[in-house]
Amino acid sequence: MARLERFRWWDIPAVVDMEKEIFGVEAWSAVSFWSELAAGVRYRAAWHEGRLVGYAGLALPEGAEEAWINNIAVSAESRRLGIGRTLLDDMLAEAVAGGRKAVLLEVAVDNGPAQRLYAAYGFEGIAVRRNYYQATRTDAAVMRLDL
């Protein structure tokens with residue numbers, strides 16, 4: 001079972017390496033994660049057997065009724081261990097604790113496993129953002145879960 005901890009600035013190098021492994025040319029940079037942390041996005045790091053194996057971020061914009069899951073990622077060798085579900089559960093609990101009425105996210109249209117995970121939680125597709133992932137020109141499905 002993964003242990004979740006608050007994502008700290010010193011986790012950024014390991015997360016950037018994981019981003020490159022998982023997302024290739026679409027990977028976020030260290031600057032992107034620094035900006036997210038500075039903006040108050042709530043991030044969790046997942047640890048398993050002493051290694052960082054995943055992370056997730058949730059934005060709770062001031063005055064908004066919705067929260068946004070900015071990302072959920074699990075290293076390739078740690079998939080199918082329930083880590084993605086653990087991270088998603090944590091993000092949803094944060095949204096509820098923050099008084100939000102819904103959670104939204106974007107997911108690549110070609111990422112079937114992630115879409116199935118979100119659908120299992122009750123997320124529904126509400127829109128498509130064309131060419132959302134610019135480097136690969138991949139569309140993103142916008143999904144919403146009413147809490």
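Residues: numbered from 1 along the sequence shown.
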For the [atom1] atom of [X] and the [atom2] atom of [Y], what is their distance to the nearest 0.5 Å?
| X | Y | atom1 | atom2 | result |
| --- | --- | --- | --- | --- |
| Thr138 | Asn131 | OG1 | CG | 8.5 Å |
| Leu4 | His48 | CG | NE2 | 12.5 Å |
| Met18 | Asp11 | CE | CG | 9.5 Å |
| Ile83 | Arg3 | CD1 | CZ | 11.5 Å |

Residues Arg44, Glu94: salt bridge by 4.0 Å N-O rule: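 Here Arg44 pairs with Glu94 in a salt bridge, since their nearest N and O are under 4.0 Å apart.
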Ion pair Lys101/Glu66, N-O distance below 4.0 Å: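 Here Lys101 does not pair with Glu66 in a salt bridge, since their nearest N and O are not under 4.0 Å apart.
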Check [X] against [Y] and note the closest heavy-atom contact, atom names and distance.
| X | Y | result |
| --- | --- | --- |
| Arg85 | Ala120 | NH2-CB, 4.2 Å |
| Arg100 | Pro61 | NH1-O, 3.0 Å |
| Ser29 | Val16 | C-CG2, 4.0 Å |
| Ala56 | Ile72 | CB-CG1, 3.7 Å |
| Val107 | Ala114 | CG2-CB, 3.8 Å |

Are there over 12 heavy-atom neighbours, none belonging to [X], within less than 6.0 Å of that residue's [atom1]?
| X | atom1 | value |
| --- | --- | --- |
| Glu65 | CD | no |
| Glu5 | CD | yes |
| Arg137 | CZ | no |

Side-chain heavy atoms of Tyr118 within contact of Asn111, under 4.5 Å: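 In short, these two side chains do not touch, never coming nearer than 4.5 Å.
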Could you see if [X] belongs to whatever hydrophobic cluster contains [Y]? Use Ile, Leu, Val, Met, Phe, Trp, Tyr and a side-chain cutoff under 4.5 Å.
| X | Y | result |
| --- | --- | --- |
| Trp47 | Ile12 | yes |
| Leu87 | Leu145 | yes |
| Leu92 | Trp68 | no |
| Leu88 | Leu81 | yes |
| Val15 | Val41 | yes |

Pair Arg51-Ser78, side-chain contact (heavy atoms from CB on, under 4.5 Å): steps then yes or no: CA-CA 10 Å; Arg51 292 179 326 168; Ser78 300; 3.6 Å; yes
Between Ser75 and Glu21, a side-chain donor and acceptor under 3.5 Å: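 Note: Ser75 and Glu21 side chains miss the donor-acceptor criterion.
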Side-chain donor-acceptor contact under 3.5 Å, Tyr133 with Asp139: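 There is no such pair (donor and acceptor under 3.5 Å, judged by atom type) between the side chains of Tyr133 and Asp139.
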From Trp9, Trp28, Trp10, residue fulfilling ring pair (Phe, Tyr, Trp, His ring centres under 6.0 Å) relative to Phe33: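 Testing Phe33 for a ring pair (Phe, Tyr, Trp, His ring centres under 6.0 Å) against Trp9, Trp28, Trp10 leaves exactly one candidate, Trp28.
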Whether Arg129 side chain and Val142 backbone form a donor-acceptor pair below 3.5 Å: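 It does not hold such a pair.
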Test log, rule side-chain contact (heavy atoms from CB on, under 4.5 Å), inputs Leu104 and Met143: CA-CA 6 Å; Leu104 294 107; Met143 299 183 81; over 6 Å; no
Stepwise side-chain contact (heavy atoms from CB on, under 4.5 Å) test for Phe123 and Val103: CA-CA 9 Å; Phe123 280 87; Val103 176; 4.1 Å; yes
Partner of Arg42 by side chain to side chain contact (heavy atoms under 4.5 Å, CB included), out of Leu37, Asn70, Leu60, Asp90: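 Result for side chain to side chain contact (heavy atoms under 4.5 Å, CB included) with Arg42: Leu60.
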Parallel, tilted or perpendicular: rings of Phe7 and Tyr55 (30°, 60°):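 Tyr55 and Phe7: perpendicular rings.
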Residue pair Leu117, Gln115: steps toward the side-chain contact (heavy atoms from CB on, under 4.5 Å) verdict: CA-CA 5 Å; Leu117 171 65; Gln115 289 181 41; over 6 Å; no
